[in-house]
2 protein chains.
Amino acid sequence: MYSLVEENYLKALFALSKDIGSVSVNDLSKHLDIKMPTVTSMMKKMAAKKLVAYESYKPLKLTEKGKKEAALIIRKHRLTEMYLVEKMGFGWEEVHNIAEQIEHIKSPELFTKMDELLDYPKFDPHGAPIPDINGEMEWKAYSKLSECKAGEKVRMAAVINTSDGFLEFLNSREIRLGLKIKIMSVEPFDNTMVVRYKKHDQESLSHTVCERLLVEKV
Amino acid sequence: MYSLVEENYLKALFALSKDIGSVSVNDLSKHLDIKMPTVTSMMKKMAAKKLVAYESYKPLKLTEKGKKEAALIIRKHRLTEMYLVEKMGFGWEEVHNIAEQIEHIKSPELFTKMDELLDYPKFDPHGAPIPDINGEMEWKAYSKLSECKAGEKVRMAAVINTSDGFLEFLNSREIRLGLKIKIMSVEPFDNTMVVRYKKHDQESLSHTVCERLLVEKV
DNA sequence: GTAAAAAGTTAGATTAGACTAACAAATTAG
DNA sequence: CTAATTTGTTAGTCTAATCTAACTTTTTAC
Ligand SMILES: [Mn+2]
Ligand SMILES: [Mn+2]
Ligand SMILES: [Mn+2]
Ligand SMILES: [Mn+2]
């Protein structure tokens, strides 16, 4: 059984090393807002537990065991978020902080029950995949809205940034997962997009926003 | 905001001092399975925070502030137990350990939502009262089943001991809260009761069991 | 009313997880 | 290719929460 602190290191290592397979002490330190010497010493401790492959001055890598443990915590986080939205009526902007705490609850039964009651969901309220009980998970090949071209029709699949502020912005424009969007035009100067959906005939979305929206082409 | 450890001391102080208004360092130490010197030093720390009235060699007392904080944690515990039973389908013998963890979650919204979804319950699945948002709570004047006499008719109101084993025993006899029971006879030698309810024509309940069942006379 | 036992406190050590200061290695810039 | 900058490590300190050993106060037994 791992401590809450170790679990948070595992999640951070997993998230930051997802792309290139490793992460620097510096980046991990900044992400966790914990000073580098503390991170170094924790990495040695986690290496002793076979969660991390640690060598001095080398980038940090999770072991297979570390990846699986991380995925199981992420599973608990995302199941919780889904449960809070679907069964308790919270908004998608309200659930992250609660899930950050509940993900550390030690009770396989609680999460199995959530999974059953939700009928084994594959995605969380932000479109992120929920790992299965073995820690297996797969991101679908979504595109960023910002990479799409004028004239294309797409469906909202996931949000990258899940800060309250961003999600509240999306709420204010009635943008949610599953929504079908037509790209009317793209301003060449600053890449602002004008899009059409539902009763929104011409909604302007900044590049900053479009970069954070993942879509499926339809 | 109090630490998880402080919250557990508050709950233990509240539970153990309920009857006589105070508790010894020794009893608290045994209940928490923490050595006496540790308890003494924690009591000094909690006294500095005005949660406990501490004087050397005197029994420990919670302050009004301490009592209120304790009651608010108990509120979260009991709301959680009720939520797990009523909304998630857990048995009353399964929920205590999960609630021991969830009671420490920092999210007023989560517990307000549980309260709403449960329609503001007054009692938890074991018949214990749920404190209101101000920490106010009142035990009704129940009797122990063991104190009742042959011929009386009673209704199951609460269980005192909530260990898995005891609750599973009650499950096996189909004894639950609200059940109407008629006391057929009491064996004078060992106080074993023979009772009648539902399809159970003559069920024998030992004194040990009857002492742990709280009933309302009807 | 003393002596033994129980309860409570003090002092000092330990562990997890954090920090700062100082130093070392690796990377980047000119 | 050297020098500056950035990144990473080592050493030592701190706090919260625990412990054991030794001592003191209170309670209980005779
Ligand atoms: Mn989240
Ligand atoms: Mn999410
Ligand atoms: Mn309980
Ligand atoms: Mn209960």
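Below, chains carry the letters A, B, ... as their sequence lines are ordered, and counting in each starts from 1. Source: prediction; values computed, not measured.
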Starting at [atom1] of [X] and ending at [atom2] of [N], how long is that distance when rounded to a whole Å?
| X | N | atom1 | atom2 | result |
| --- | --- | --- | --- | --- |
| B:K58 | C:dG8 | NZ | C1' | 13 Å |
| A:M43 | D:dT7 | CE | P | 18 Å |
| B:M36 | C:dG8 | CE | P | 6 Å |
| B:L4 | D:dT18 | CG | P | 10 Å |
| A:M42 | D:dT10 | CE | C1' | 17 Å |

Could you list the donor-acceptor pairs under 3.5 angstrom formed by side chains in residues 78-85 of chain A, with sequence neighbours left out?
{"residue": "A:R78", "atom": "NH1", "partner": "A:P129", "partner atom": "O", "Å": "2.7"}
{"residue": "A:T80", "atom": "OG1", "partner": "A:K76", "partner atom": "O", "Å": "2.7"}
{"residue": "A:E81", "atom": "OE1", "partner": "A:H126", "partner atom": "ND1", "Å": "3.0"}
{"residue": "A:E81", "atom": "OE2", "partner": "A:H77", "partner atom": "NE2", "Å": "2.7"}
{"residue": "A:E81", "atom": "OE2", "partner": "A:H96", "partner atom": "ND1", "Å": "3.3"}
{"residue": "A:Y83", "atom": "OH", "partner": "B:Y83", "partner atom": "OH", "Å": "2.8"}

Using the test side-chain contact (heavy atoms from CB on, under 4.5 Å), find all partners of [X] that sit at least two apart in sequence or belong to another chain.
| X | result |
| --- | --- |
| B:Y120 | B:D115, B:E116 |
| B:K217 | B:S143, B:C148, B:E152, B:V154 |
| A:S185 | A:V194 |

Looking at D:dC19, I'd like to know if its phosphate oxygens (OP1 or OP2) sit under 4.0 Å from a side-chain N or O belonging to B:T38.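 Yes, such a contact exists.
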
Phosphate contact (C:dG8 OP1 or OP2) by B:T40 side-chain N/O below 4.0 Å: no

Measure from NZ or CZ of B:K113 to the centre of the six-membered ring of A:F90, then state whether that distance is under 6.0 Å and the direction lies within 45° of the axis.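 B:K113 over A:F90 ring: yes.
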
Is the backbone N or O of A:E136 less than 3.5 Å from a side-chain atom of A:N134, with the two atoms forming a donor-acceptor pair by type? no

Residues in contact with DNA chain D, drawn from residues 9-35 of chain A - heavy-atom cutoff 4.0 Å: A:S24, A:V25, A:N26

Listed pairs under 3.5 Å, donor-acceptor, residues 164-172 of chain A side chains, sequence neighbours left out:
{"residue": "A:N171", "atom": "OD1", "partner": "A:W92", "partner atom": "NE1", "Å": "2.9"}
{"residue": "A:N171", "atom": "ND2", "partner": "A:E93", "partner atom": "OE1", "Å": "3.2"}
{"residue": "A:S172", "atom": "OG", "partner": "A:F169", "partner atom": "O", "Å": "2.5"}

May I ask you to say what A:K44 touches in the nucleic acid, namely base, sugar-phosphate or nothing, with a heavy-atom cut-off under 4.0 Å?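 Since only primed, P, OP1 and OP2 atoms lie under 4.0 Å of A:K44, the category is sugar-phosphate.
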
Distance-only donor-acceptor hits, side chain of residues 29-40 of chain B, under 3.5 Å, sequence neighbours excluded:
{"residue": "B:S29", "atom": "OG", "partner": "B:I34", "partner atom": "O", "Å": "2.6"}
{"residue": "B:K30", "atom": "NZ", "partner": "B:N26", "partner atom": "OD1", "Å": "2.8"}
{"residue": "B:T40", "atom": "OG1", "partner": "B:M36", "partner atom": "O", "Å": "3.3"}

Name all pairs fulfilling the side chain to side chain donor-acceptor pair (under 3.5 Å) condition that reach into residues 48-59 of chain B, sequence neighbours left out, sorted by first residue then second. B:E6-B:K49

Does the protein touch nucleotides 23-28 of chain D at the base, only the backbone, or not at all? Give it as B, S and - per nucleotide, heavy atoms under 4.0 Å. -BSS--

D:dG8, D:dT18, D:dC19: which one has an atom nearest the side-chain heavy atoms of B:P37?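 Output: D:dC19.
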
